[in-house]
Amino acid sequence: MLGDAIKNIVKEDVQVVVLMGPGIDPHTYQTTQKDVQQLKHADIVFCHGLSLEGKMNDLLERIAQEKKVYAVSDALHTTQLLFEDIFPIGIDPHIWFDVQLWKQVVGFISQKLQAARPESAAYYQSNTFAYIKVLEQLHQSITTQIASIPKKQRVLVTAHDAFGYFGKAYNIEVVGLQGVSTVAECGLKDIKRIVELIIERNIKAVFFETSVSDKSMQAVVESCAHYGHKIGVGGYLYSDALGAPDTLEGTYCGMLRANTTTIVNALK
Ligand SMILES: [Zn+2]
């Protein structure tokens with residue numbers, strides 16, 4: 001998501017290296033020796049912050065002693081964040097799922113890049129302006145589409161609690177199986193709690209995630225069947241990583257459009 005935001009601002013002006021690619025789970029990501037080299041060679045480093053890159057924190061702090069390292073979540077005011085005990089630092093890091101917040105993040109990144117390369121500042125500014133317009137349209141489109149799902153059926157059951165900001169921004173109830181971070185193991189109690197809720201609310205579908213194992217959600221589907229409630233799998237949602245490069249889902253906007261279509265088709 002971060003790499004995509006930066007590429008929309010700088011285009012071909014600078015080389016953008018993304019350390020965590022498609023299908024990667026940032027909560028559990030282990031830094032490689034190659035990553036360390038890439039970070040050492042970089043002129044400027046952007047990370048997400050809010051402890052999303054949990055295992056990289058120490059390395060990022062070390063790198064920050066030598067060069068500019070920005071946590072893009074610093075773009076937001078604390079009142080815009082969701083506080084949940086289940087997260088490592090008590091804050092939900094999945095801010096990209098509210099396009100309005102992501103717009104702020106894009107503006108923040110753009111400012112830092114303009115300061116770092118004054119000779120390209122005007123170019124970055126005009127690219128940012130154009131991209132923000134695209135994000136505004138995206139926000140409107142998601143709002144309209146999610147609102148088309150009848151209120152009672154508007155419940156998103158997913159593998160880990162990545163969709164809190166999405167739920168708040170687009171008015172859809174979100175139930176996660178695994179807690180906010182994928183590090184936490186999903187227990188039998190969690191599965192039982194979700195199965196009861198699905199049956200009680202007559203929910204039509206649950207969703208898998210591209211960067212999280214299907215195992216626990218599969219257990220939910222089987223358990224529902226055991227109790228005579230037929231539940232569908234609405235498909236895969238992109239949560240903490242984009243799709244493959246050169247596919248529609250390989251961009252931030254494409255990823256959100258794909259998720260929205262998947263959700264609307266399964267729940268409506
Ligand atoms: Zn996550």
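Whatever order the structure lists them in is the order used to number ligands and atoms, beginning at 1. Heavy atoms only: backbone and side chains are in, while hydrogens, waters and symmetry mates are out.
Closest to the Zn ion (ligand 1) among the N, O or S atoms of H94 is NE2. For H27, the N, O or S atom closest to the Zn ion (ligand 1) goes by the atom name NE2.
For H94 and H27, the ring centers are positioned less than 6.0 Å apart. Taking the centre of each ring, Y252 and W102 come in below the 6.0 Å mark.
Residue side and main chain included, D240 places an N/O/S atom under 2.8 Å of the Zn ion (ligand 1).
A tilted orientation is assigned to the rings of H139 and Y170, their planes being inclined by 30° to 60°.
With sequence neighbours excluded, the residues that form a salt bridge (Lys or Arg N to Asp or Glu O under 4.0 Å) with E119 are R117.
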